[in-house]
Protein chains: 2
Amino acid sequence: MQEAVDALGYHPRASARTLRSSRTHVIALALPRPAGQRNAVDGPFAIEVSDAAVRLGYDLLLTTSQDKAEGLRRVALSGLADAAVLMAVDMEDARIDVVRELAFPAALIGRPADEDALPWTDLDWEEAAALVVSELAAAGHREMVYLAPTEAEVVARRSYALRGIAGATRGARSTGAAVTVAHAVDDPAGLARRLRVLLTERADGGAGGRPTALIVQHPSAHHHILTSVTDAGLRIPEDLTVVVIGALPGDPAGRRLPRVELPVETLAGEVTRLAVAAATALHETAAGDVEAGPRLLADAVGHLLIAPALLPGDMPLTAPRA
Amino acid sequence: MQEAVDALGYHPRASARTLRSSRTHVIALALPRPAGQRNAVDGPFAIEVSDAAVRLGYDLLLTTSQDKAEGLRRVALSGLADAAVLMAVDMEDARIDVVRELAFPAALIGRPADEDALPWTDLDWEEAAALVVSELAAAGHREMVYLAPTEAEVVARRSYALRGIAGATRGARSTGAAVTVAHAVDDPAGLARRLRVLLTERADGGAGGRPTALIVQHPSAHHHILTSVTDAGLRIPEDLTVVVIGALPGDPAGRRLPRVELPVETLAGEVTRLAVAAATALHETAAGDVEAGPRLLADAVGHLLIAPALLPGDMPLTAPRA
DNA sequence: CTGTTAGCGCGTTCAG
DNA sequence: CTGAACGCGCTAACAG
């Protein structure tokens, strides 16, 4: 058989197979791209999801559209994919309504406000931030700066940004440490300026003294955070302890600092599994029963919230100098 | 009409359309991923190619396989895409033979040894390296280090790596400057060590004195190059001029240094155009004439070699101190 | 120019 | 158990 296949060069047409079986063996990755924004984690996620899909016998269709929901709707309606994986999830995400309305199988990388709407998986950003704050407090730090994602991310109600800030606030409350939440800016010069102000010239009149720890949740800032801090005239870790949240595994830039890594491979594998599971479940049930589809998708919402782990860098958490 | 479409919620099935018309309106992006390697430019390229494809009315299928050629062959044979865009091109790339054998329309990001095999587009890496060397020489530098991509990239005969090195060598010959070609390592600590040796403890006995300029072609190293150099005890630009080749536009890390940027958007747009052109040409001709396909694809090989531009950073090219 | 029909290639089903 | 035929949804080609 196989030799005949090879000899004749025969290969089934995917389109005919799909037309007949109504399965595409394709997963769509919905990657919204606000004009002009560059997100360092998009690429790695896309590649890992693709790998995970291949392992499950699926191909990956990359859907990048300015208008978040439009591309996804088109893909679902034209039957280009069996399921969708949604990246860069907002608290209330328009795409969630779209896939529910169309009864289209989907899974999210990111934890939306309505946790039972769709299957999702995410790092527990809130717990990560709270954990770092409390570990730093335990090491003796009383004044910290939490450098959250940019203002734009917060305005967009991006899930990871809001949850990170919530965790930092909770950590501050439960430990009694003073945590100033600031927003990153993409421009490195601007970021350096902001850090200088935050770390050396306390705007609040210096009620509690100079901050001794900096927590950085903005992924794009990880690379130049050291330079920025050094430029501000501070030595690490003598003057300032720096901890990174959401560092990419294998990223050399983050390896020196204590950090909570973003488990890209795990998240990608899990979200793909969830998406494929929803697709197969729908396919097996929807035969003849048009009501069953939406009901089934609503019931089969699994979650995986990944607990944060604080990894030591080359330089471990340091106690502030007296 | 449109209101009827919206009201009835009708949308044509892509699979039926494809089966009938033998056009998928999908472009495959072949992104080989040697196990465990992370390439910083893959993500941005994938996203830009996706955007370019959408603009031309195509969707993008991301094909990441360990075995470079196998995924591509499957996509072509099963008719999942109308054309392929090939990334991370080697001088003699196995995938080139595959698409030619199958008469499958394809275009490359990268300049292969056989320039007439397929349409391609690339930054002129050779000219970029030669340009930087000669500009540095003109500024008075006599001893330079060219930090090329890793040994592994060279062994794989990756096009951009070999051409960059060739350009550095040519630049050295034509200017009389001494250019030491070294290979980057992915481990940042190892890189720092290597740089220290190269920049301060010349292994050749110091025949020509300490290097006064460093040219970095390794994309992954751009982020921590400043830190590594600073750690080696050298001040920029007083002790050493650093120039970066292949920096990503908009990457904050590279913006401070003089650099030749990798025009990701242009390359992505152009390669997508080439791929779509090949696909439509094949489609229009192949009707009934089985011979015409391969002939046509062989004839329609357009190229675009992008001339490098040396951009000033915050700190312009500096003459070496006497 | 508009309406009708055949068939793209596969998987499933039904008859032999 | 093996083989033929039907139909998935669309578009191109053809007839009116």
Side-chain angles (χ1 to χ4, degrees), chain A residues 1-28 56-59 61 63 71-84 101-105 276 279-293 296, chain B residues 1-28 53 56-59 61 71-84 101-105 276 279-293 296:
Chain A
M1 176 57 191
Q2 191 54 46
E3 60 269 25
V5 169
D6 291 351
L8 295 170
Y10 170 81
H11 207 276
R13 309 277 157 202
S15 53
R17 191 195 277 266
T18 294
L19 181 60
R20 187 68 188 109
S21 65
S22 68
R23 313 203 72 210
T24 62
H25 285 275
V26 168
I27 291 178
L56 295 172
Y58 283 74
D59 284 301
L61 192 76
T63 311
L72 181 60
R73 169 167 253 131
R74 218 194 67 246
V75 167
L77 286 174
S78 61
L80 275 166
D82 293 335
E101 172 200 334
L102 301 174
F104 191 72
V276 168
T280 30
L282 178 67
H283 186 77
E284 283 166 5
T285 314
D289 186 355
V290 82
E291 290 293 302
L296 179 93
Chain B
M1 175 60 191
Q2 190 54 45
E3 60 269 25
V5 168
D6 292 351
L8 294 170
Y10 170 80
H11 208 277
R13 309 280 155 194
S15 53
R17 188 195 278 262
T18 294
L19 182 60
R20 187 64 190 119
S21 66
S22 68
R23 313 203 72 209
T24 62
H25 284 277
V26 168
I27 291 179
L56 295 171
Y58 283 74
D59 282 302
L61 192 75
L72 182 60
R73 167 167 256 130
R74 217 194 68 248
V75 167
L77 287 173
S78 61
L80 274 166
D82 292 336
E101 172 200 334
L102 301 175
F104 191 73
V276 167
T280 29
L282 178 67
H283 186 78
E284 283 166 5
T285 316
D289 186 353
V290 83
E291 290 293 301
L296 181 92

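On a predicted model such as this, the values are computed, not experimentally measured, just so you know.
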| request: Please report the C-alpha distance between A:Val26 and A:Leu80 in whole Å, then the side-chain angles of each, then the deciding distance to 0.1 Å, and finally whether the side chain to side chain contact (heavy atoms under 4.5 Å, CB included) criterion is met. | output: CA-CA 7 Å; A:Val26 168; A:Leu80 275 166; 5.9 Å; no

| note | With the side chain defined as heavy atoms from C-beta on, A:Pro12 is closest, among D:dC10, C:dC10, C:dG9, to C:dC10

| field | Rounded interatomic separation in angstrom, taking CG from A:Leu80 and P from D:dG9 | value | 16 Å

| field | Rounded distance in Å - CG (B:Leu19) to C1' (D:dA12) | value | 13 Å

| Nearest-Å distance, CZ (B:Arg20) to C1' (D:dC8)? | 14 Å

| task | Answer yes or no: is there a side-chain heavy-atom contact under 4.5 Å between A:His25 and A:Thr18? | result | no

| task | Please report, rounded to the nearest Å, how far the P atom of D:dG9 is from the CZ atom of A:Arg23. | result | 17 Å

| request: Output yes when at least one side-chain N/O atom of A:Arg17 is less than 4.0 Å from OP1 or OP2 of C:dG11, else no. | output: yes

| query | Tell me: NE2 of A:His25 to C1' of C:dC10, nearest whole Å? | reply | 13 Å

| task | Measure the distance from NE2 on A:His11 to C1' on C:dC10 and round it to the nearest whole Å. | result | 14 Å

| said: Rounded to whole Å, how long is the line connecting atom NE2 of B:His283 with atom P of D:dT11? | reply: 12 Å

| field | Gap between atom CD1 of A:Ile27 and atom OG1 of A:Thr63 - 0.5 Å precision | value | 11.5 Å

| Between D:dA12, D:dC10, C:dC10, which nucleotide has the shortest distance from any of its atoms to the side chain of B:Ser21? | D:dA12

| message | When you compare the side chain of B:His11 with that of A:Arg73, does any pair of heavy atoms fall below 4.5 Å? | response | no

